[in-house]
2 protein chains.
Amino acid sequence: MAGNSAGGRGVKSDETLFAIIEAVREADGIGVTELAANVNLAKSSVHKHLSTMRDHGFVVKRNGEYHLGLEFFSYGQYTRTTQDVYSAALPALEEIASETGESTWLMTHENGQVMYLDGRDPNDEINVNALVGSWEEMHANSGGKVILAHLRESEVNEIVERHGLSAKTDETITDRATLEEELERVRERGYALNLGEGLREMNAVAVPLISQESVEGALSVAGPTYRVKRERCEGELLDRLRAAADDIGLSLAY
Amino acid sequence: MAGNSAGGRGVKSDETLFAIIEAVREADGIGVTELAANVNLAKSSVHKHLSTMRDHGFVVKRNGEYHLGLEFFSYGQYTRTTQDVYSAALPALEEIASETGESTWLMTHENGQVMYLDGRDPNDEINVNALVGSWEEMHANSGGKVILAHLRESEVNEIVERHGLSAKTDETITDRATLEEELERVRERGYALNLGEGLREMNAVAVPLISQESVEGALSVAGPTYRVKRERCEGELLDRLRAAADDIGLSLAY
DNA sequence: CCGTTCGTTCTCCATCAGAGAACAGCAATC
DNA sequence: GATTGCTGTTCTCTGATGGAGAACGAACGG
């Protein structure tokens with residue numbers, strides 16, 4: 001059905017469980033009957049899965065409707081805080097945001113995508129919690145690009161093949177050759193810019209967070225083009241990010 | 001095994017999946033063989049589950065070891081931000097923490113336990129991220145008590161039966177009768193105190209967050225007994241909490 | 001170069017996940 | 001207040017599949 005790469009070596013029950021979880025998430029408040037219809041299973045089967053999940057707190061029933069349970073938050077919080085970059089970079093996040101006055105972000109990559117681990121927006125212009133915890137494609141994002149630039153070429157190829165290079169704006173890099181040039185530029189300079197490639201009217205700079213020769217994440221500052229111009233990205237903001245990245249690199253190495 | 005309440009109406013594969021997830025969490029970096037031993041399953045079975053999870057990002061392999069994947073963080077973040085109290089109370093959290101100078105907490109309950117949804121500690125004395133996302137028993141916690149006080153008696157009984165009244169310190173309430181007196185007192189006053197009942201040398205006050213007659217959570221301030229004395233709890237801190245709770249109650253009602 | 005240990009794949013069988021029907025609980029309708 | 005029409009839950013049955021165990025292959029170290 002949805003996931004196919006499992007082939008014959010996966011566990012089908014797990015697949016259905018994940019489908020149910022995803023359907024509960026999408027619905028946010030849904031009954032057994034409707035849920036069963038959404039995942040193409042018998043009511044009884046869905047009910048069994050839900051009961052099991054309920055016993056473990058992954059799902060709760062509020063006014064007759066199933067919702068994801070806080071156990072997910074528990075596991076999620078654990079997962080975030082055990083990312084080495086997270087604890088290493090968290091203090092810097094706060095500082096950079098308040099010093100520069102612009103939104104500041106921490107990202108990691110996994111499976112060819114990046115995720116915002118956390119962010120601060122001193123101006124409260126951006127809903128930080130809407131972005132934190134969400135996946136982004138790497139090619140249209142300063143953090144993603146700076147991470148890509150530090151991966152092996154074979155990995156980059158895999159990622160491009162798997163996720164493509166979709167256009168977010170008309171500035172987005174959409175072909176492999178241009179991407180490679182850009183990544184080369186990033187490697188030379190040691191930082192990545194994003195000039196309206198992800199969102200119109202949004203610029204950003206990112207530096208890599210490196211531990212033992214491998215990229216563990218990226219730190220970036222982003223803001224509207226009228227405040228965050230290219231010169232500022234490559235000047236004040238970059239300086240601040242680089243200083244933080246050096247510190248973080250040290251603390252990652254212990 | 002671990003979860004038994006499922007009886008015959010649960011899905012056994014899901015139980016094993018959850019066991020594997022939990023084992024991966026506990027180990028934080030573990031191979032198939034060791035994992036299989038920890039959950040008492042054949043290597044091949046564990047491997048199949050891990051493959052399926054990997055396809056969905058719930059698990060990742062880093063240097064030959066399995067870890068929980070950021071997909072958990074994604075679901076967790078979603079779960080937290082869709083809790084109505086969370087977005088309603090988040091701004092207040094920040095404000096109260098900076099105004100009072102003491103650690104401030106937001107909790108909700110689920111399945112007879114409370115969880116810290118978020119917290120702020122202006123003094124950086126407490127590792128906030130270690131508490132956020134963790135479950136706590138309700139009876140030894142100001143937030144837990146104030147929530148308990150607003151539940152139906154049958155619910156309180158269930159909770160006490162299920163989770164007991166374990167002693168955290170020698171001030172902890174450990175019998176049902178004393179708890180009932182305390183809850184009655186909390187209902188009369190409209191707030192709950194915690195005077196060294198959870199941790200020695202730690203006091204706290206909490207107020208309930210109520211929406212349409214039902215408790216959705218609690219807001220609390222906590223600190224070391226030498227700074228956060230009972231008088232301060234029932235004075236300045238309580239005033240601040242009550243003001244915030246009123247606002248939040250309104251915004252919960254839209 | 002061989003022995004060990006890991007992860008992965010394969011095959012086979014008893015179990016159990018899933019379907020479907022029946023039952024129960026609740027609301028609204030007449 | 002009986003009836004209808006929805007739910008969620010429980011039951012029973014059966015074919016598919018999860019789990020065991022063995023075999024394979026890769027990585028490592030002596």
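Lettering follows sequence order; numbering is per chain, from 1.
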Is there side-chain contact between B/Glu110 and B/Gln83, with heavy atoms separated by less than 4.5 Å? yes
For A/Asn63 and C/dC26, give me the distance from atom CG to atom C1', rounded to whole Å. 15 Å
Rounded to the Å, how far apart are B/Asp14 CG and C/dA17 P? 7 Å
What's the CD1-C1' distance between B/Ile30 and C/dG7, to the nearest Å? 14 Å
Applying side chain to side chain contact (heavy atoms under 4.5 Å, CB included), run through A/Tyr75 and B/Ile21 and close with a yes or a no. CA-CA 9 Å; A/Tyr75 275 96; B/Ile21 292 171; 3.6 Å; yes
Rounding to an integer number of Å, can you tell me how far A/Lys61 NZ sits from C/dC26 P? 11 Å
Rounded to whole angstrom units, what separation is found between the CD atom of A/Glu15 and the P atom of C/dA17? 15 Å
Below 4.0 angstrom from OP1 or OP2 of C/dT8, is there any side-chain N or O of B/His47? yes
Euclidean distance, A/Ile248 CD1 relative to A/Leu93 CG, rounded to 0.5 Å: 8.0 Å
Quick check on D/dG8: is either OP1 or OP2 less than 4.0 Å from any side-chain nitrogen or oxygen of A/Thr33? yes
When rounded to whole Å, the CG to C1' distance for the pair A/Leu17 and D/dT17 reads 16 Å
With heavy atoms under 4.0 Å as the rule, sort A/Thr16 into base, sugar-phosphate or nothing. sugar-phosphate
Using the six-membered ring wherever Trp is involved, compare the ring planes of B/Phe72 and A/Phe72 and label them parallel, tilted or perpendicular (cut-offs 30° and 60°). tilted
When you match B/Lys12 and B/Gly64 each to their closest nucleotide on DNA chain C, which lands nearer the 5' end? B/Gly64
base_contact_polar (C/dG20 base, A/Ser44 side chain, donor-acceptor, <3.5 Å): yes
Would you say A/Lys48 places a side-chain N or O within less than 4.0 Å of OP1 or OP2 belonging to D/dG8? no
Using five pairs at each end of the helix from C/dC1-D/dG30 to C/dC30-D/dG1 to define an axis, what is the angle between those two axes, to 10°? 40°
Hey, does the side chain of B/Lys43 come within less than 4.0 Å of C/dC10's phosphate (OP1/OP2), counting only N and O? no
Heavy atoms of A/Met107 and A/Gly144 approach each other most closely as SD-N, 4.3 Å
Sole residue of B/Thr108, B/Ile147, B/Val85, B/Ile210 in side-chain contact (heavy atoms from CB on, under 4.5 Å) with B/Glu216: B/Val85
Check the distance between D/dG21's P and B/Leu41's CG and give it to me in whole angstrom. 11 Å
Is the shortest side-chain N/O distance from B/Ser45 to OP1 or OP2 of D/dA20 below 4.0 Å? yes
To the nearest Å, how far apart are B/Arg54 CZ and C/dG7 C1'? 11 Å
Would you kindly check whether a donor in the side chain of B/Ser13 faces an acceptor in the base of C/dA17, or vice versa, at under 3.5 angstrom? no
Cationic tip of A/Arg25 within the cone over B/Tyr78's six-membered ring, i.e. under 6.0 Å and within 45° of the normal? yes
